[in-house]
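First the structure, in the form of structure tokens, and then the observations on it.
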Amino acid sequence: MDARELYQDIILDHGRHPRNFRELPQATNLAHGHNPLCGDRVTVYLELDGDRIKDLSFDGRGCAISTASASLMTEVLKGKTLAEADALFKGFHAEVTGKAVPRLPDALAEDMERLAPLEGVRAYPTRVKCATLAWHAFEAALKNGAAGTVATVKTE
Amino acid sequence: MDARELYQDIILDHGRHPRNFRELPQATNLAHGHNPLCGDRVTVYLELDGDRIKDLSFDGRGCAISTASASLMTEVLKGKTLAEADALFKGFHAEVTGKAVPRLPDALAEDMERLAPLEGVRAYPTRVKCATLAWHAFEAALKNGAAGTVATVKTE
Amino acid sequence: MTHAPKFSPLPNNPPPFAGAPKIRGAKLGLDPRAVKRDFPIFEHNPGLVFLDSAASAQKPAAVIDHVAEFYRSDYANVHRGVYRLSARSSDRYEGARETVRKFLNAASADEIVFVRGATEGINLVAYSWGMAFLQPGDEVLITELEHHANIVPWQLIRERTGLKLIVAPIDASGGIDLAAFEARLSRRTKLVAVTHLANATGAILPVETMARLAHEHGAKILVDGCQAAPRLPVDVRALDCDFYVFSGHKIYGPTGIGVLYAKGEILEAMPPWQGGGDMIEQVTFEKTTFQHPPHRFEAGTPDISGAIGLAFALDYIEALGRGAIFAHEEELTGYGVDTLSRLPGIRLVPAGQRRLGILSIDVPGIHPHDLATVLDQHHVAVRAGHHCAQPLMDKLGLAGTTRASLGIYNDERDIDSLAAALAAAQKLFT
Amino acid sequence: MTHAPKFSPLPNNPPPFAGAPKIRGAKLGLDPRAVKRDFPIFEHNPGLVFLDSAASAQKPAAVIDHVAEFYRSDYANVHRGVYRLSARSSDRYEGARETVRKFLNAASADEIVFVRGATEGINLVAYSWGMAFLQPGDEVLITELEHHANIVPWQLIRERTGLKLIVAPIDASGGIDLAAFEARLSRRTKLVAVTHLANATGAILPVETMARLAHEHGAKILVDGCQAAPRLPVDVRALDCDFYVFSGHKIYGPTGIGVLYAKGEILEAMPPWQGGGDMIEQVTFEKTTFQHPPHRFEAGTPDISGAIGLAFALDYIEALGRGAIFAHEEELTGYGVDTLSRLPGIRLVPAGQRRLGILSIDVPGIHPHDLATVLDQHHVAVRAGHHCAQPLMDKLGLAGTTRASLGIYNDERDIDSLAAALAAAQKLFT
Ligand SMILES: Cc1ncc(COP(=O)(O)O)c(C=O)c1O
Ligand SMILES: Cc1ncc(COP(=O)(O)O)c(C=O)c1O
């Protein structure tokens with residue numbers, strides 16, 4: 001695999017200009033993620049409205065992969081229900097770790113498509129953690145509420 | 001090398017019927033020897049008269065090699081001066097460890113001859129400690145006086 | 001070799017190397033003569049009758065050659081590398097952890113900590129769990145059958161923790177006195193630390209029962225599986241033990257590696273012991289936070305090739321079949337007991353109701369070291385001495401014993417050689 | 001050339017095996033292309049540009065094959081065996097200790113303790129020497145250049161001893177600020193613990209001077225030689241250090257083995273740390289007495305093959321010549337600095353006045369992990385991250401760096417490949 005297959009334009013673009021990169025003052029839920037391997041940190045902010053994700057953002061510092069992944073995640077999850085978000089996480093996780101991808105509702109097919117540029121990390125086991133850091137923080141935020149417990153992303 | 005070369009009759013005899021195997025109530029010097037490898041213990045008792053070894057004995061428990069070696073040592077050293085004893089120790093030690101044997105005074109040639117049956121341990125590095133246990137205790141007794149400090153024989 | 005970067009990535013999993021040794025012992029149960037051909041030491045030392053596997057086992061070519069092959073093709077430091085060679089090395093190291101998990105039937109690979117050997121495993125439990133959770137007056141209950149590795153660490157932390165070391169005695173048959181063991185359990189007992197199979201005599205301990213009794217009294221139980229793991233199928237969940245340790249070099253693997261298993265929630269609660277790279281989450285000069293288990297307990301670069309070599313050894317013995325190994329050890333132990341019992345003037349040190357793989361011999365009138373030397377002259381390699389179990393020797397009133405211990409490559413001819421050499425020694429000395 | 005005498009077996013050994021690998025790099029100084037042929041990893045991974053020796057070095061066939069041969073012909077447990085196979089194994093293990101003694105120019109082999117690696121070596125000093133001799137208020141002086149292995153152990157015993165951890169800063173050039181270091185020394189300083197060569201930047205520290213200053217203040221000095229031992233001739237008596245540690249796997253030896261050197265009288269005064277077999281003199285349940293050093297500190301079965309493998313590695317590099325290795329590392333470091341300095345947008349992390357073997361790179365705007373991944377795609381294996389030196393990264397204001405480190409098999413073409421790959425990465429990301 002060559003560099004451009006992993007670092008597709010969409011990744012480079014989101015890495016350089018991450019979307020929804022800000023604190024969310026009205027967050028109902030948040031969590032920190034930390035990859036002890038490289039010291040990268042991300043905070044994911046969530047505004048829940050019932051079981052729907054009204055708004056979503058992140059900040060922190062990270063590599064192109066983790067930044068792009070966080071950015072794409074916020075775009076994809078915004079407006080989703082928690083059940084949909086969970087299905088997308090499962091699908092994405094399977095995709096980047098090279099496991100069998102579970103059947104997703106047709107409605108989410110387009111979202112999975114948007115996450116596809118990250119598939120390339122599969123060939124780089126050590127980078128999978130980068131791609132999933134924000135997603136793990138997202139999951140932790142759901143559990144934590146606004147308490148902000150640090151969720152350390154573990155080696156996959 | 002076969003068993004009989006190591007366990008010559010003289011060794012077996014001294015192993016079974018050690019000479020000077022007793023406590024020496026009038027000892028001026030004594031030391032314990034201990035081989036932590038096998039748990040064998042020997043105590044060497046010395047009666048010094050000036051720089052001459054008036055009497056010498058040992059007790060304890062040990063293998064055939066260490067018992068025979070202690071027994072032969074007491075026979076050979078009795079009546080010797082400390083300088084002669086030291087020369088014999090050096091000669092014996094070199095003999096059993098396979099090192100170059102220092103030149104000894106002619107007067108001691110016969111004594112060295114009597115220790116010769118122990119030479120066979122050379123081929124058994126792990127048994128050298130057995131053969132030298134009592135000798136190390138003897139040396140320690142000279143240093144200790146009657147205090148009886150334990151001298152632990154170290155791996156050669 | 002060209003240096004123009006071309007995009008032919010390094011293969012993630014190179015094909016198994018051509019010279020992969022065959023496992024010859026696997027067909028139709030365990031055939032020790034066939035197994036022996038897997039072990040190059042016997043080719044290099046013709047006539048060697050190796051009866052010292054309890055001290056350390058020999059290594060099959062499957063371990064020796066695969067470790068060499070690992071260094072040749074896949075070696076790099078683990079965990080911290082981004083490049084693929086390092087990822088491959090890490091995969092193999094973590095794969096070894098999974099192999100150990102399966103071998104012990106642990107619930108999770110996170111419950112497997114790689115250590116240098118059983119000794120370091122027990123020290124880790126003493127210094128981390130013991131120092132954190134033992135209070136003055138708390139009791140650690142061991143048995144008279146323990147190896148120094150399961151005595152000295154508790155003594156070393158005794159002063160700092162105020163623990164009391166309690167010893168459960170053996171009965172006249174040489175087995176653990178279970179009633180006396182139970183009588184020593186109380187609410188003060190915080191840890192029971194017992195051997196699964198006594199290295200000095202071969203006695204098997206009823207560790208399932210002891211685990212149940214320990215738990216009934218609210219105590220944890222550590223099982224020293226050094227001698228059991230190579231001989232018995234071990235299932236830590238069926239045993240319900242809290243800690244289990246064993247050494248790689250006694251189970252046909254390399255030196256320098258061993259395993260501490262501990263239940264996940266116990267490990268999670270334990271503070272770190274050794275500090276360094278790989279076990280930290282974040283370091284500042286003021287404050288450091290630590291990784292989750294097992295990494296919290298693996299400070300510094302681990303013995304990567306040791307762990308991988310151990311996994312090869314476990315693969316090897318799984319291929320032979322652990323049931324088959326157990327049956328083989330039982331059968332050969334029985335043959336050994338029968339053979340030695342027929343020799344006049346030879347006494348087997350008693351090992352309770354259930355002995356496995358170890359024959360500890362006392363020949364009154366012949367010192368164990370002399371006996372072992374004469375056996376060596378007959379090419380029979382056995383161990384002589386206290387077998388790192390001095391307190392047991394004291395109890396038995398012996399200076400030491402001569403110990404023959406069995407492995408998968410031994411067969412009845414080895415026992416016969418032992419018997420012949422013993423007779424020759426008796427002739428020499430008496 | 002023939003190297004047979006170099007690996008001449010000990011008296012009891014069988015003749016050297018036929019397939020003994022040749023050392024090809026020894027003639028006429030050091031020829032890295034020839035050396036490279038001694039390292040099978042490059043044959044198995046064509047095109048590999050390995051620039052991560054500071055994390056762990058690759059192994060020459062002389063190490064891989066001889067260790068395999070040891071297991072095939074001479075393996076048995078050490079120290080306690082009466083039979084000749086065990087004596088042979090013990091001789092080789094203790095012979096390895098003597099090889100290490102010579103390598104460090106220590107006064108006695110009793111001053112050499114085998115440990116798993118530098119990390120365990122420093123932990124041993126902390127838990128044995130530190131716990132015994134450090135009083136509340138005593139100071140341990142380290143530097144900002146330390147690896148976590150020389151930070152975390154002191155933090156772990158801080159609470160129990162009441163020690164204060166003092167940190168000497170670097171100056172603007174990235175070297176140690178010697179005046180600031182000296183200013184932090186006082187009668188309260190009990191130990192100075194410093195790296196000989198900083199793994200994150202390549203800075204060489206003036207440890208001779210630091211040892212003299214430490215001793216003038218009555219403090220002991222521990223030198224972490226992990227990165228120095230493979231690159232510089234080391235003489236512990238000329239350095240006059242009290243402790244010196246290094247890891248086998250970074251000096252072309254196996255994983256799982258390392259060395260703690262300590263002056264004899266210091267070692268003799270240190271209480272045991274880990275307990276178990278081999279380190280005891282006598283054990284009863286009430287009281288245990290301990291062996292003299294080094295055995296007091298080697299509890300349980302040691303990593304026998306690791307120690308022997310390390311000795312083979314030291315033999316190998318002595319055959320190349322330590323002066324030649326030093327010259328090679330200097331020359332290649334110089335070439336690397338020159339080459340990288342010419343690349344626009346690439347910043348070398350400063351390493352003081354004297355840098356050796358390590359080039360730590362910062363490319364503003366590209367995260368080290370992304371950089372390392374792209375380099376890997378160009379077959380260039382480097383390390384990215386904090387290099388177990390987080391406090392130093394914090395001080396430098398960096399999340400991490402991309403580190404290329406040199407070994408005896410690297411040559412200028414490897415640096416050129418690195419430069420080309422860096423340029424390609426810059427093109428991709430900017
Ligand atoms: C300077 C320094 N000290 C200590 C260590 C730790 O060595 P090990 O992981 O082999 O114990 C390293 C290597 O990572 C190092 O570079
Ligand atoms: C029952 C038992 N426990 C512990 C040990 C110590 O094992 P190691 O020396 O491999 O750490 C041994 C082996 O000597 C043993 O037989």
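In what follows, every chain begins at residue 1, and chains take the letters A, B, ... in the order their sequences are listed. Note that the structure is a prediction, hence the values are computed from the model and not measured.
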| request: For each of C:Ala425, C:Gly385, C:Ala399, tally heavy-atom pairs with chain B at distances under 4.5 Å, and name the one with the top tally. | output: C:Ala399
| In Å and rounded to the nearest 0.5 Å, what is the OG1 to CG distance from B:Thr126 to C:Asp376? |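 That separation rounds to 8.0 Å.
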| request: With rounding to the nearest 0.5 Å, note down the distance linking SG in B:Cys130 to CG in C:Asp370. | output: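 The distance works out to 7.5 Å.
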| Should we say atom CD of B:Gln26 is surrounded by more than 12 heavy atoms from elsewhere, each under 6.0 Å from it? | yes
| task | Could you tell me whether the side chains of B:Tyr124 and C:Gln377 share a donor-acceptor contact shorter than 3.5 Å? | result | yes
| request: Establish, from distance only, whether the side-chain atoms of B:Asp40 and C:His369 form a donor-acceptor pair under 3.5 Å. | output: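 There is no such pair between these side chains.
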| What pairs meet the side chain to side chain donor-acceptor pair (under 3.5 Å) rule with one or both residues in residues 415-430 of chain C, with sequence neighbours excluded? | C:Tyr335-C:Asp416
| request: Name all pairs fulfilling the ring pair (Phe, Tyr, Trp, His ring centres under 6.0 Å) condition that reach into residues 57-87 of chain B, sequence neighbours left out, sorted by first residue then second. | output: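 For residues 57-87 of chain B, and leaving out neighbouring residues, the ring pair (Phe, Tyr, Trp, His ring centres under 6.0 Å) pairs sorted by first residue read B:Phe21-B:Phe58.
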| Proximity breakdown for B:Ile65 and chain C, heavy-atom pairs closer than 4.5 Å |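 Its backbone and side chain both get close to chain C.
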| remark: Closest non-hydrogen atoms of C:Leu428 and B:Leu12, given as atom of the first, atom of the second and distance, are O-CD1, 3.7 Å
